[in-house]
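Taking it in order: structure first as structure tokens, then the write-up.
All values reported here derive from a predicted model rather than from experimental measurement. Here is how names work: the chains are called A, B, and so on, in the same order as the sequence lines, proteins then strands, and each is numbered from 1.
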Amino acid sequence: MSPRTMFQKIWDQHIVHSQPNEPSILYIDLHLVHEVTSAQAFDGLRLAGRSVRRPQRTVATPDHNIPTTDRSLPIADPISRAQVDTLRNNCQQFNIRLYDLNDFQQGIVHIIGPELGLTQPGMTIVCGDSHTSTHGAFGALAFGIGTSEVEHVLATQTLRQFPSKTCELRVDGTLGAGVTAKDLVLYLIGQLSAQGGNGYVFEYTGSTIRAMTMEQRMTVCNMSIEAGARAGMIAPDATTFDYLRGREFAPKDIDSAIKLWQELPSDSQAKFDRVEIYRAEDIEPQVTWGTNPGQVISINQPVPNPATLGDETEKRTAELALEYMGLEAGKALTEVLVDRVFIGSCTNARIEDLREAAQVLRGYHVAKHVQAMVVPGSGAVKREAEAEGLDAVFRAAGFDWREAGCSMCLGMNPDQLRPRERCASTSNRNFEGRQGKDGRTHLVSPAMAAAAAVSGRFVDVRKWQFKE
Amino acid sequence: MKPFTQHTGLVAVLDRANVDTDQIIPKQFLKRIERTGFGEFLFFDWRLLANGEDNPEFELNQPRYRGATILLAKRNFGSGSSREHAVWALDDYGFRAVIAPSFADIFYNNCFKNGMLPIQLTEQQIDDLFARAASRPGYELTIDLESCRVKDPYGFDVGFEIQSSRRHNLLHGLDDIGLTLQFESKISAYETARGIGQ
């Protein structure tokens with residue numbers, strides 16, 4: 001057989017049916033479901049008199065639309081409550097495992113999947129959520145789908161798909177102190193642009209990626225969609241297998257599974273449709289300045305002048321972005337004051353993210369004018385952080401310590417920016433209004449967010465005076 | 001699904017790139033559990049001022065674009081979130097087709113599940129259409145999916161590409177799930193071979 005990429009191997013293994021000029025019918029191993037994109041799909045099933053083909057391969061949790069405050073109280077917003085109730089009723093009717101609001105394993109769907117060992121190498125994984133790309137960190141083919149496709153997967157456990165092109169993003173070298181996986185992926189998106197990956201599945205390779213923990217790899221794969229790629233993947237290795245060992249839903253005979261997983265990495269002679277190569281040493285702490293994640297610069301670069309950017313469309317896009325963000329070309333980011341700090345989201349709300357932020361915060365307090373919050377990615381992350389005393393560090397620094405959920409990443413719940421508030425956020429999207437109407441989002445790493453909270457403005461965390 | 005064969009309609013222009021699905025349908029409207037009724041929330045934050053009145057600056061509020069059924073936009077339309085609500089909102093507002101130089105993958109895919117036709121043309125063709133729409137109030141285009149052409153009455157006449165199976169399904173309004181279930185025995189065979197569901 002000719003050399004294949006990991007994408008091609010997983011694709012080939014999941015073909016139920018294919019014929020020329022038609023989409024292939026691909027088997028889906030794991031279907032993750034949340035409250036916002038599933039209700040209409042379940043309705044569709046009922047209307048057509050269909051059932052869920054493989055309920056045991058479907059796992060649900062409410063995460064987008066839930067309060068991060070006291071969970072013993074009912075959800076105050078009646079429409080939000082109805083949506084969460086609808087998910088519960090649908091899971092009951094169709095016999096789907098649900099990690100409900102007060103379940104100790106509840107959390108952001110892309111955080112609990114890996115935590116529970118549901119996410120495994122070689123799998124096809126889908127969810128009605130674009131950040132499903134997160135799971136590619138395990139060497140799975142994982143991508144977001146719309147609600148019609150959610151219904152299709154529920155009814156058939158398959159999807160009709162055309163193959164994507166493949167793009168290898170190779171990063172070699174060692175990231176500097178204070179430069180994180182978040183900075184790496186923001187830098188890549190900046191290089192590629194917000195649409196540079198349209199039509200591609202990324203595979204991240206190189207020594208920098210190999211040296212990363214699973215949580216760091218998840219941060220990288222999570223934001224593949226922000227460059228337009230539907231999926232991002234990283235070949236499984238010992239780091240992957242060690243992470244999975246002993247998790248609730250990991251294979252019981254994991255050594256046999258590992259033998260199969262070791263066949264997954266792209267063959268050395270495999271051809272990608274496109275290859276881009278980067279050096280870790282070129283990457284500095286990143287801050288977005290605009291309204292898409294491709295509009296990003298290093299902390300020490302001035303806000304760019306739209307006149308110097310690309311073609312007419314890019315110039316206009318940049319002008320609109322600066323106007324929305326209330327920034328002028330040439331301004332130093334270190335002079336930009338922040339009002340709010342959000343540490344959370346499926347990008348950066350795992351235990352290592354919280355440790356990274358807490359380390360910066362120890363012995364410090366947030367600036368007087370800053371309101372800051374931490375939203376752990378799951379109940380498990382929250383408990384682990386509390387066991388390590390991180391909650392005490394955050395609280396002592398003046399942060400709100402919340403319950404798990406998507407929270408202010410997209411502001412579907414009450415956690416929102418007010419108009420013109422400027423936020424240093426560890427989330428994944430700086431779109432207009434994403435965190436609240438007329439709110440201004442700057443995407444950064446957890447360490448950079450923590451440093452901004454204390455300083456009240458953006459600072460280069462590489463110069464931070466750690467107190468403990 | 002409603003079929004798409006041929007359509008002639010008023011063109012509205014949106015001179016923006018990277019129009020993300022958060023703009024098309026902001027998150028506060030994703031709490032609904034129905035597929036319908038999203039049209040009034042389309043581009044909500046751009047369309048309405050803080051006091052709830054129409055923003056006169058926003059393109060779709062201009063009288064010349066009222067009743068438009070074809071949306072013309074710049075590159076990377078539909079980026080971001082997978083929310084199909086974005087397509088439902090465009091559809092419910094009255095749009096049947098979106099024409100842009102490029103689309104985000106998930107949005108593009110979602111269009112075909114809802115009888116909405118996303119048409120990719122070159123940047124030059126899009127610029128030409130923007131100029132034509134700007135200079136002629138009431139500017140209309142005719143889209144013919146049979147022949148895969150877009151034309152106006154003034155000499156604009158270009159072809160567009162679309163995967164043949166997507167074209168076929170849209171022309172006939174075919175439902176994906178029904179098509180896939182024709183291969184139910186192959187799905188069962190796949191599962192049996194791997195011990196799934198036993």
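- For the pair Y27(A)/I187(B), a side-chain contact is recorded, criterion being any heavy-atom separation below 4.5 Å from C-beta on.
- The line from CG of L45(A) to CD1 of I177(B) is 6.5 Å long, rounded to the nearest 0.5 Å.
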**Item:** Pair S79(B)-Q195(A), side chain to side chain donor-acceptor pair (under 3.5 Å): steps then yes or no
**Value:** CA-CA 8 Å; S79(B) 56; Q195(A) 64 155 4; over 6 Å; no
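- Comparing Q163(B), E123(B), R32(B) by heavy-atom pairs within less than 4.5 Å of chain A, the highest count is held by Q163(B).
- Each of T313(A), T291(A), T158(A) has some count of heavy-atom pairs under 4.5 Å with chain B, and the biggest count is that of T313(A).
- Atom-to-atom distance recorded for Q182(B):CD and H17(A):NE2 is 9.5 Å, nearest 0.5 angstrom.
- Between F162(A) and S165(B), the shortest heavy-atom distance links the atoms CZ-OG, 3.3 Å.
- Of the atoms belonging to D77(A), it is side-chain heavy atoms, and not backbone ones, that fall under 4.5 Å from chain B.
- Within the 4.5 angstrom heavy-atom criterion, only backbone atoms of I15(A) (N, CA, C, O) approach chain B.
- For T36(B), no part lies near chain A; criterion is any non-hydrogen pair under 4.5 Å.
- Side-chain contact check for E184(B) versus R53(A): some heavy-atom pair is nearer than 4.5 Å.
- Of all the heavy atoms in D45(B) and K437(A), the pair that sits closest is O-NZ, 3.4 Å.
- Counting heavy atoms of neighbouring residues, nucleotides and ligands inside a 6.0 Å radius, atom CG of L49(B) exceeds 12 of them.
- In this structure, the portions of N21(A) lying under 4.5 Å from any heavy atom of chain B include both its backbone and its side chain.
- Atom-to-atom distance recorded for D129(A):CG and S82(B):OG is 5.5 Å, nearest 0.5 angstrom.
- For CD of Q19(A), the number of neighbouring non-hydrogen atoms (other residues, nucleotides, ligands) closer than 6.0 Å is greater than 12.
- Within a 6.0 Å radius of CZ in R149(B), other residues, nucleotides and ligands contribute more than 12 heavy atoms.
- When all heavy atoms of Q13(A) and Y190(B) are compared, the closest pair comes out as O-OH, 2.9 Å.
- Of the two parts of P419(A), neither the backbone nor the side chain holds a non-hydrogen atom closer than 4.5 Å to a non-hydrogen atom of chain B.
- When the shell of 6.0 Å around CD of E34(B) is examined, it contains more than 12 heavy atoms from other residues, nucleotides or ligands.
- Only the side chain of D311(A) has a heavy atom closer than 4.5 Å to any heavy atom of chain B.
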**Message:** Walk me through whether R434(A) and S81(B) qualify under side chain to side chain donor-acceptor pair (under 3.5 Å).
**Reply:** CA-CA 11 Å; R434(A) 171 85 176 176; S81(B) 157; 5.4 Å; no
**Prompt:** How far apart are the C-alpha atoms of I106(B) and F143(A), what are their side-chain angles, what is the distance that settles it, and do they pass the side chain to side chain contact (heavy atoms under 4.5 Å, CB included) test?
**Reply:** CA-CA 9 Å; I106(B) 305 177; F143(A) 52 90; over 6 Å; no
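- At least one donor-acceptor pair under 3.5 Å links the side chain of K27(B) to the backbone N or O of G433(A).
- Put simply, the side chain of Q23(B) gets close to the backbone of E432(A): a donor and an acceptor are under 3.5 Å apart.
- There is no contact between Y108(B) and chain A, counting heavy-atom distances below 4.5 Å.
- Heavy atoms closer than 4.5 Å to chain A are found in both the backbone and the side chain of T180(B).
- The contact between T86(A) and chain B is made entirely by side chain atoms (from C-beta outward), counting heavy-atom distances below 4.5 Å.
- When T37(A), T317(A), N65(A), D29(A) are compared by the number of non-hydrogen pairs under 4.5 Å with chain B, N65(A) comes out ahead.
- Both the backbone and the side chain of N76(B) have a heavy atom closer than 4.5 Å to some heavy atom of chain A.
- Interface check for chain A: of the options D15(B), N110(B), N109(B), the most heavy-atom pairs under 4.5 Å are formed by D15(B).
- Side-chain contact between K186(B) and I25(A) is absent, with no heavy atoms from C-beta onward closer than 4.5 Å.
- Highest contact tally toward chain B, considering only Q157(A), E22(A), H14(A), E35(A), is held by H14(A) [criterion: heavy-atom pairs under 4.5 Å].
- Looking only at atom types and distance, the side chain of N292(A) has no donor-acceptor partner in the side chain of D20(B) under 3.5 Å away.
- Taking chain A as the reference chain and counting heavy-atom pairs below 4.5 Å, the highest number among R75(B), H168(B), K113(B), H85(B) is found for R75(B).
- Judged by distance alone, the side chain of D105(B) and the main-chain N or O of R230(A) form no donor-acceptor pair under 3.5 Å.
- Proximity of a side-chain donor or acceptor of D176(B) to a complementary backbone N or O of H152(A) within less than 3.5 Å is not detected.
- The candidate from E314(A), E226(A), E151(A), E149(A) with the greatest count of non-hydrogen atom pairs under 4.5 Å with chain B is E149(A).
- Put simply, the side chain of K31(B) never gets that close to the backbone of P78(A): no donor and acceptor are under 3.5 Å apart.
- The shortest heavy-atom contact between R35(B) and S148(A) is NH2-OG, 3.4 Å.
- Counting heavy-atom pairs closer than 4.5 Å to chain B, the top-ranked of the candidates G228(A), G411(A), G44(A) is G411(A).
- The two residues I225(A) and G80(B) come nearest to each other via the heavy atoms CG1-O, 4.3 Å.
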